[in-house]
Asker: 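Quick one: this structure, given as structure tokens, is what I'll be asking you about.
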Amino acid sequence: MANHRVVVIGGGLAGLASTMKLAELGIHVDLISLTPVKRSHSVCAQGGINSCNDQTRQLGDNEWKHFDDTVYGGDFLNHQPPVKEMAYWAPKVIDLMDRLGVPFNRTGEGFLDRRRFGGTLYKRTAFAGATTGQQLLYALDEQVRRRESDGQVRKFEFWDFQGLIQDGSGRCRGVVAQDMVSMELRAFPADAVVVATGGCGLIYGRSTMSVFCSGSAASRCFQAGAKYGNGEFIQVHPTAIPGSDKLRLMSESARGEGGRVWVPRKPHDSRAPRDIPAGERYYFLEERYPEYGNLVPRDIATREIFDICVNEGLSVDTERMCVYLDLTHISKSELDRKLGGILEIYEKFQGVDPRIEPMRIFPAVHYSMGGLWADYVRTAEGGLEPGAPKNHMTNIEGLYAIGECDYHYHGANRLGANSLLSCIFTGLFTGPSIVNYIQNQDEGHADLASSDVEAAVKNQQERHDNLLKGNSGSDENPYLIHQELGDVMTRAATVVRRNDQLKEAVETVNELHERAMKVSLSDTGSWSNQNVLFSKSLQDMFPIAKCILQGALQRDECRGAHYKPEFQKPSLTAEDPAERRRQAEQWLDEFDRNNDKFLKSTIAEYDHATMKPKLSYEAVDTSLIQPRPRLYGLVGADIIEQVFKERAEAKKNGKKEAAAAAS
């Protein structure tokens, strides 16, 4: 394998895990990262990483329940075989990271400590204080550096991926990237390419993602012919603090360790929070969702906080919307040991000690459930076929997508602490698949033509030069256009979505896209030109923004993070048992009709002629767990669940009878 090379784009958890595994299998790797690897956005992950474990097994937990919680939390929009494989790999991933030296928190007996996260009733989440992502990233980086010193990995930090190199058959044979200092454009030929570039938060202007998470790398693959799946599903995290530059996450681990969300029952109560008696506090998540309390899934918590502030007028601040996230009832030593990282962030940017005074938080754009479409090969048992070359390959042969920038694992809503798991799992699991793909190409395929490489570099050079030359007579400012894009996306496509606003946003974004293609740069220099790099990223945000808006517009339902109040299914209202059951039957009939229409992945393909996505729909593999309604906090949930179980049992018996008759 010494002569084979793979390019990995992205130096976060997924990219590093992939690089480590490929190097272990004898492949030479070029690792290209927009930032220094140790500053990749994975370093910002705080709360933990999920897996079934010895403690939860004693309470009845197992990998199947982790799998079930994930697809239930994702409103069954996840293809089930990849999720099942991830859940069953999870304990092995934790064990590996522990052996690589990640300083996980431990109990007094020396076992890995665990905390609860949203959407589950078990303590599955292993953690390293509140800097889990950083510790995982550093452990993987150490392994990659070891391979780098052996000459098996070449690392290119401060290089920006610009586009794919494709041969005459359309197969991906490398990439073109740009040195962000010298502005040199360079070809990186390869036998396969792995894209592990994270989310697209910068499309919203401000988010909890790092300011370089623009989605431009995925967009460049999308524009080269790769499909994009479920773009409309954007997770808005329930707890973050605002900032003028970005929004800063206050991890779900704060609630996992006992943090309580509340507001005063009296609107805009001017008293200090510690002076408000418990009886005058509204712990609305605990009252509305007694089983899960403050750890309901993120989409539910986000909508409740939004509703409390916007519709019920109970924001704790008269000037900006926010609620209290209260940790003051927990000892300071315990907080410092388990949550020190996020407490320091809050204190630094807000000037308030959250150990003494409750934090003020509000939802913020946080994660992309959608991403590049990727394939997989299913086993008879319903998992993934190890080593199958198509695992995580996009529709462009030789191009793989892993981590947050693929669409497989989280459906309509991601459960907290599953993201770190999906990143590391996909990086490790796809290694043998990529190696087998490369070996299968050794015979019967021509070498990459130098003309294909030269054409790819030339195209990127022309784009770069045209931007530097500017548009004669244009005064379009890329930074102002980006601000307008963020404003319209935040207004139309976050917590609550309405068709009239989405239609207006589509028109506005189309106009902004046309303006963005005519920007005039204030810096035309040939050295470390951030202006031109940002302008390219801005132009490439629009195809993904259009996928988000158009996908949301065409999906007339409520599913996970996608919430249209107009299409919300109501609670039951009848008091009479017979009438209540009739309503439950009617509710489930509508649930089935809605699933027939919308339990499908949105698949986008880019049309260069119109500069717009073309949408189609793909069936979701739900063969392992039958889709059931998410009934968190719904009035009448008990009778709906009872009727659903009766129907499921009747359907099961009917299949048995049919099979018996056939035999």
Side-chain angles (χ1 to χ4, degrees), residues 7-20 29-46 131-145 147-148 153-163 175-186 188 193-221 243 245-249 341 345 366-368 371 401-405 419-420 423-424 427 482 527-538 540-541 544:
V7 172
V8 175
I9 312 294
L13 288 178
L16 288 176
S18 178
T19 301
M20 178 182 75
V29 180
D30 287 341
L31 176 59
I32 297 175
S33 178
L34 195 63
T35 68
V37 164
K38 293 176 81 168
R39 298 301 301 155
S40 298
H41 179 58
S42 298
V43 80
C44 298
Q46 296 167 348
T131 60
T132 311
Q134 182 185 41
Q135 307 309 324
L136 293 169
L137 188 78
Y138 285 11
L140 290 173
D141 176 61
E142 184 176 49
Q143 298 303 310
V144 170
R145 285 173 184 269
R147 299 292 183 176
E148 189 179 6
V153 172
R154 298 190 301 178
K155 193 185 293 175
F156 296 86
E157 297 173 318
F158 289 114
W159 281 73
D160 188 10
F161 162 71
Q162 296 295 303
V175 305
V176 177
Q178 185 166 31
D179 187 327
M180 295 170 65
V181 178
S182 71
M183 311 309 290
E184 169 199 3
L185 281 159
R186 175 176 166 183
F188 291 83
V193 172
V194 179
V195 181
T197 51
C200 57
L202 203 62
I203 289 174
Y204 285 84
R206 294 185 302 158
S207 74
T208 67
M209 296 185 212
S210 295
V211 294
F212 47 78
C213 293
S214 65
S216 59
S219 177
R220 288 162 189 168
C221 296
D245 55 344
K246 70 183 299 291
L247 308 173
R248 290 174 176 85
L249 177 66
I345 292 172
H366 179 59
Y367 191 87
S368 309
I402 62 175
E404 186 178 346
C405 75
S419 60
L420 302 187
C423 286
I424 297 175
H482 176 247
W527 185 263
S528 192
N529 189 330
Q530 298 300 303
N531 204 198
V532 70
L533 292 170
F534 178 81
S535 296
K536 290 180 188 179
S537 291
L538 172 67
D540 293 326
M541 289 181 206
I544 302 300

Asker: Go through it in stages, so that I can follow the logic: the residues are W527 and V181, the test is side chain to side chain contact (heavy atoms under 4.5 Å, CB included), and I'd like the CA-CA distance, side-chain angles, deciding distance and then a yes or no.
Answerer: CA-CA 6 Å; W527 185 263; V181 178; 3.4 Å; yes
Asker: Evaluate R248 against T208 for side chain to side chain contact (heavy atoms under 4.5 Å, CB included), listing each step before the verdict.
Answerer: CA-CA 5 Å; R248 290 174 176 85; T208 67; over 6 Å; no
Asker: I want to check something: taking the side chain as every heavy atom from C-beta on, are V195 and I402 in contact at a cut-off of under 4.5 Å?
Answerer: no
Asker: Is it the case that the side chain of H41 and the backbone of M209 share a donor-acceptor pair, with hydrogens and angles ignored and the cut-off at 3.5 Å?
Answerer: no
Asker: Using the side-chain hydrogen bond (donor to acceptor under 3.5 Å, both in side chains) criterion, which residues pair with S419? Sequence neighbours excluded.
Answerer: R414
Asker: Taking all non-hydrogen atoms of both residues, which atom of M183 and which atom of N529 are closest, and how far apart?
Answerer: SD-N, 3.4 Å
Asker: Which residues pass the side-chain contact (heavy atoms from CB on, under 4.5 Å) test with L34, sequence neighbours left out?
Answerer: D160, M180, F212
Asker: Of all the heavy-atom pairs spanning L137 and S42, show the shortest one and how long it is.
Answerer: CD1-CB, 4.0 Å
Asker: Heavy-atom distance under 4.5 Å between the side chains of K155 and R145, does that happen here?
Answerer: yes
Asker: Does either side chain, that of E142 or that of Y138, offer a donor lying less than 3.5 Å from an acceptor on the other one?
Answerer: no
Asker: I'd like to check S214 versus C200 (side-chain heavy atoms, cut-off strictly below 4.5 Å). Are they in contact?
Answerer: no
Asker: Are Q46 and T131 side-chain neighbours, meaning at least one heavy-atom pair lies under 4.5 Å?
Answerer: no
Asker: Kindly write out the residues that satisfy side-chain hydrogen bond (donor to acceptor under 3.5 Å, both in side chains) with D30, not counting sequence neighbours, or none if the list is empty.
Answerer: R5, R154
Asker: Report yes or no: does E404 contribute a side-chain atom to a donor-acceptor pair with the main-chain N or O of S368 at less than 3.5 Å?
Answerer: yes
Asker: On a heavy-atom basis, which atom in A218 and which in T197 lie closest, and how many Å separate them?
Answerer: N-OG1, 4.2 Å
Asker: Given side chains that start at C-beta, do those of I203 and I544 come closer than 4.5 Å, heavy atoms only?
Answerer: yes
Asker: Among residues at least two apart in sequence or on other chains, which ones pass side-chain hydrogen bond (donor to acceptor under 3.5 Å, both in side chains) with T132?
Answerer: none
Asker: What's the separation between atom CG in L249 and atom OG in S207, rounded to the nearest 0.5 Å?
Answerer: 10.5 Å
Asker: Under 4.5 Å between any side-chain heavy atoms of I9 and V194, yes or no?
Answerer: no
Asker: For the atom pair CE (M541) and CZ (F534), what is the distance rounded to the nearest 0.5 Å?
Answerer: 5.0 Å
Asker: By side-chain hydrogen bond (donor to acceptor under 3.5 Å, both in side chains), which residues pair with R186, not counting sequence neighbours?
Answerer: none
Asker: Where do W159 and E184 come nearest, in terms of heavy atoms and distance?
Answerer: CH2-OE1, 3.8 Å
Asker: Could you tell me whether a side-chain N or O of K246 sits under 3.5 Å from a main-chain N or O of R206, the two making a donor and an acceptor?
Answerer: no
Asker: Can you measure from OG (S33) to CD (E157) and round to the nearest 0.5 angstrom?
Answerer: 6.0 Å
Asker: Calculate, to the nearest 0.5 Å, the distance between atoms CG and CG belonging to L202 and L538 respectively.
Answerer: 9.0 Å
Asker: Are the side chains of I32 and V8 in contact, using a 4.5 Å heavy-atom criterion?
Answerer: no
Asker: Taking all atoms of both residues into account, what is the closest heavy-atom pair of M20 and V144, and its distance?
Answerer: N-CG2, 4.2 Å
Asker: Looking at every non-hydrogen atom in both residues, tell me the closest pair between A217 and F161 and how far apart they are.
Answerer: O-CE2, 3.6 Å
Asker: Could you state the interatomic distance from CZ (R220) to OG (S537), rounded to the nearest 0.5 Å?
Answerer: 5.0 Å
Asker: Is there a donor-acceptor contact under 3.5 Å from the side chain of S18 to the main chain of A14?
Answerer: no
Asker: Rounded to the nearest 0.5 Å, what's the gap from CZ on F158 to OG on S182? Could you check?
Answerer: 13.0 Å
Asker: Just to verify, what does K536 make a salt bridge (charged side-chain N to carboxylate O under 4.0 Å, His left out) with, not counting sequence neighbours?
Answerer: none
Asker: Just by modelled atom types, is the G215 backbone N or O under 3.5 Å from a matching donor or acceptor in the S219 side chain?
Answerer: no
